[in-house]
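Presented below is the structure to which this report refers.
No hydrogens, no waters, no symmetry mates; every other heavy atom, side chains included, goes into these values. Letters A, B, ... are given to chains in the order of the sequence lines, protein chains preceding strands, and every chain is numbered from 1.
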Amino acid sequence: MSGTFGKGHHLHLIDGSAFIFRAYHALPPLTRKSDGMPIGAVAGFCNMLHRYVEGNTGPDAPTHVAVIFDKGSHTFRNEMYDLYKANREAMPEDLRPQIPLTRIATEAFNIACKEKEGFEADDIIATLAVQARDRGGRCTIISSDKDLMQLVGDGVEMLDAMKNNRIDREGVFEKFGVYPERVVDVQALAGDSVDNVPGAPGIGIKTAALLINEYGDLHSLLERAEEIKQPKRRQTLIEHAEQIRLSRRLVLLDENTPLDFTLDDLEVRDPDPDRLLGFLAEMEFRTLSRRVAEVLGREAPVIAEPAALPEIAAEADVPFDSTAYEQVSDAAALQRWIDRIYEFGHVAVDTETTGLDEMIAELVGISLAVEPGRACYIPLTHKQSRGDDLFGSDDLAEGQMATEEALRMLTPMLKDPAILKIGQNMKYDGKIFAQLGITMTPIDDTMLMSYAMHAGLHGHGMDTLSERYLGHTPIPIKPLLGSGKSAVTFDKVPLSDAVAYAAEDADITLRLWQKFKPQLHVAQVTRVYETLERPLVPVLAAMERSGVKVDRDTLSRMSNAFAQKMAMLEEEIHTLAGRKFNVGSPKQLGEILFDEMALEGGKKGKTGAYATGADVLEDLATEHELPRKILDWRQISKLKSTYTDALQDHINPDTGRVHTCYSIAGASTGRLASTDPNLQNIPIRTEEGRRIRAAFVAEPGKTLVALDYSQIELRILAHMAEIPALKEAFEQGQDIHAMTASEMFDVPMAEMTPEIRRRAKAINFGVIYGISGFGLARNLRIPRGEAQGFIDRYFERFPSIRTYMNDTKTFAKEHGFVQTLFGRKIHTPEISAKGPRAGFAQRAAINAPIQGTAADIIRRAMVRMPAAIADLPATMLLQVHDELLFEVENGAEEALIEVARDVMESAADPVVKLDVRLVVEAGRGANWAEAH
DNA sequence: GACATCACG
DNA sequence: GACGTACGTGATGTCC
């Protein structure tokens, strides 16, 4: 479409600076390979532009488009107010040189690129949006900057490109409580800490909207300020009237920016392929070049790999070639591989099986690799596939060794202490071999090496690691196995495909190992890997294989009882609601409560649905019967579906026990995670829930013993933050929350009330979690100001906590990670992000050393435990963060408790000398509930 | 597959 | 340039 911009035209205005900052913070600090120039933000920017262009199809596609940038730091707003944007942090050093490149990138995409000295992008956007509107066209502003919301309406909308979220007049109202034309008034009152717009002190968006809606507009409000009832508010508005008027001028966008181009100059143009691909090649964006070339129907430009140091290049650059892998079909070939393994002294091993549950899965084949590019697959039980046989056949495929023979040949090597077996997630392969009576040792695990070096940076699965550290995307398993109903197990995969896939996994593992092994030392995490990760593998494998006995009858009876109770509640709920609906649907429930029944307090979340969480319903329960019934129903529904029903399905038919799987490298802090089923969240806090815990039982003649660390995180906090009062209280065995309460609220210990203690307890936990006034207020259901008062007082009484928090944040900003007392690193890549994400990252950074140190301590205890209890008729079954559960023959309970408690209490020794001693509490019983 | 909810430490 | 507000998890159901 061409001609003069008008009706039927659609203008897109992209907030270029927003794109840049998003790109910068979304990506790690990438550099151009050939010369090390930082190009992360440019890469992200180009990716975003490319995605944007590709997404512009259909009737909504723009006819005109421009990317608008800020230019110069000094604008007419600084003339009005010299502190405007004064508290903004300086642009990061590695971002500055990238800014001009983003202009060139925009032009390379053949998109108009506009800026004007002395004006902010927002003003240019405002001017263009108003022009477009006046000419009867549409305009979409691609930005999430709330300053731009004043422009929305009459064909002007905003679009958050990341969330694909359109904001119209109603959207603005949701955000500001007023429609676009009054947004500046609200902003003038509320101010903006980011841009350093002063506003009216103590007035936020909520109050501002309230006032504006009551008085119509800012002018009237200030004129009639005397009429405001609240004395403090009245005084604020009268005193700061001038400042508020100034703020309004600051946030009001200039819709008359003089421009040296017109809307018609912004018509959408196709990119010039040579120019665009040339630019991308110059930047050395390999992936994006390929994608763009594909779209343009061109050959992808060849981007030369920079000449690396020759000896490294020789080692690292063996290309992946899935056709070069060997299929081992007979004893002679296998023997050649075994000989080769002895020559090298190490081998990467990977097993292929019929499933992910190692307790049930059967071995299908084994792959081996000794050096990059040199790998094989030994298929064992692949089935012959015949085209005419829909049901599959049990005939073994040709070209496979008998499993027994292969294992007989491999076992000495797998057990040989002189041969290092390398794997990716060796717990899995170790358990598969353990099922066959083979104990693999010694081992190395690339997943755990990555975890020790990169926790917090990214996941540690093979695909992630291969892409990140080898630049190679592994063959995906999906197309081989299929999905959904038609999914097959690996033994049905044709041999040629299986060899390529399976051998590649061993090849990748070996290459990762070569890369990671020397880096452990450089990253100074060798001790973490050697003492907290690697030795835990066989310990966890044994625990998982042991499993825990769960009484099916108890669960089954409870399921039935729950089903009846739920049906009853459901009927009552429908009666109270006046109609039938799906009680399990928060969406329908929200509509019933807040639309149909018109209860107060309905708050919509970002997806536009009412929040109906337990805290909301709890508040409503004082006014109406329905919310309480819903809460009851939800509790039972949760217990039934997640526990009494699901747990039964997890009982292994062979062992009659439940075998969880622990992920060692799941949680960034060093904690374990438990899956399939999760046995770390078995109910305990309610009476009903404890009955589920009681279904976890000991075998006849045995007893369950639970040992748990008492207040381990607070003890670690006392040590790390060096809090004398806290240390002393622990030393004297005092009630720690009561002591805190006594210190804070000046209440003698003898006069402590449960309520005061409860508050102190919440604050103690808050500190561990990186406290905020908002969070504490919500937790204690008290006003935010009061909560802030508590926190201030806490810091006053225990000043070293503030020091610890500040030091931790500073350390994280400087190094990009925080550390536990044992040297575990937890990376905090978002610590220098701006806005809310920084808050998250900071709190996580404060929490991670504490939670992580506790995790390290129990890991150390677990590693030492098997040897310590070897002579006792006892088995370690479960770990729940600060608790270990054992099953022990009757009569040996005391002996076990004595030994295990000692191991746990001294687990930090000798590496870390804690100022606070660790205390372990023990319990025992026929079931897990009793053992507490 | 995203989101809301809720179970645990 | 600011998406939200206590840390860390996993499982389930609804809804698109």
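Within the nucleic acid shown, A:Ser637 has no heavy atom closer than 4.0 Å to any nucleic acid atom. Counting non-hydrogen atoms under 4.0 angstrom, A:Ala854 reaches nothing in the nucleic acid. Among the heavy atoms of the strands lying under 4.0 Å from A:Ile682 are primed sugar atoms or P, OP1, OP2 only; no base atom is included. Residue A:Ala855 is classed as having no contact, given no heavy-atom separation below 4.0 Å to the nucleic acid. Contact annotation for A:Leu639: no contact, since no heavy-atom pair falls under 4.0 Å across all strands. Among the atoms of the strands shown, base atoms are found under 4.0 Å from some heavy atom of A:Asn681. A:Arg634 comes within 4.0 angstrom of the backbone, heavy atoms only, and of no base. If you check every strand for non-hydrogen atoms under 4.0 Å, A:Asn779 touches a base. Among the heavy atoms of the strands lying under 4.0 Å from A:Ala646 are primed sugar atoms or P, OP1, OP2 only; no base atom is included. Residue A:Ile771 is in base contact, counting any heavy-atom pair closer than 4.0 Å across all strands shown. A:Asp70 comes within contact range of the sugar-phosphate backbone alone, with a heavy-atom separation under 4.0 Å but no base atom that close. Backbone-only contact: A:Lys85 has heavy atoms under 4.0 Å from sugar-phosphate atoms and none from a base.
Remark: side-chain polar atoms of A:Asp160 are not paired, donor with acceptor, to backbone N or O of A:Asn165 under 3.5 angstrom.
A:Arg671 contributes a side-chain N or O that forms a donor-acceptor pair with the base of B:dG9 under 3.5 Å. Taking 3.5 Å as the limit, the base of B:dC6 and the side chain of A:Lys638 contain a donor-acceptor pair of atoms between them.
Per the geometry, CD belonging to A:Gln588 stands 5 Å off P belonging to C:dC15, to the nearest Å. Atoms OH (A:Tyr662) and C1' (C:dT9) sit 13 Å apart, rounded to a whole Å. Nucleotide C:dG8 holds its C1' atom 10 Å from the OH atom of A:Tyr451, rounded to whole Å. Between the CD1 atom of A:Ile630 and the C1' atom of B:dC6 there is a distance of 15 Å, rounded to whole Å. The interatomic distance linking A:Leu95 (CG) with C:dG1 (C1') rounds to 12 Å, in whole Å. What separates NZ of A:Lys146 from C1' of C:dG1 is a distance of 9 Å, to the nearest Å. Atom pair A:Gln635:CD and B:dC8:C1' shows a separation of 14 Å (rounding to whole Å applied). Between A:Phe774 atom CZ and C:dT5 atom C1' the separation is 5 Å, expressed in whole Å.
Considering only side-chain N and O atoms, A:Arg22 lies nowhere under 4.0 angstrom from the phosphate OP1 or OP2 of C:dG1. Within the 4.0 Å cut-off from OP1 or OP2 of C:dG1, not a single side-chain nitrogen or oxygen of A:Ser143 is found.
In this pair, A:His460 and A:His454 present their aromatic rings parallel. The plane angle is below 30°, not in the 30 to 60° band.
A side-chain hydrogen bond (donor to acceptor under 3.5 Å, both in side chains) with A:His932 holds for exactly one of A:Arg690, A:Glu921, A:Glu883; it is A:Glu883.
With 3.5 Å as the limit, one finds a donor-acceptor pair spanning the side chains of A:Gln187 and A:Asp147.
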- Query: Going through the distances and angles, do A:Glu618 and A:Arg781 end up as a side chain to side chain contact (heavy atoms under 4.5 Å, CB included)?
  - Reply: CA-CA 12 Å; A:Glu618 202 68 53; A:Arg781 294 162 174 270; 4.1 Å; yes

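The side chain of A:Pro836 lies closest to C:dC3 when the candidates are C:dG8, C:dC3, C:dA11.
C:dC3 is unpaired under the criterion used here, namely a Watson-Crick or G-U wobble arrangement in which both key atom distances are under 3.5 Å.
The aromatic ring centres of A:Tyr794 and A:Phe790 sit 6.0 Å or more apart.
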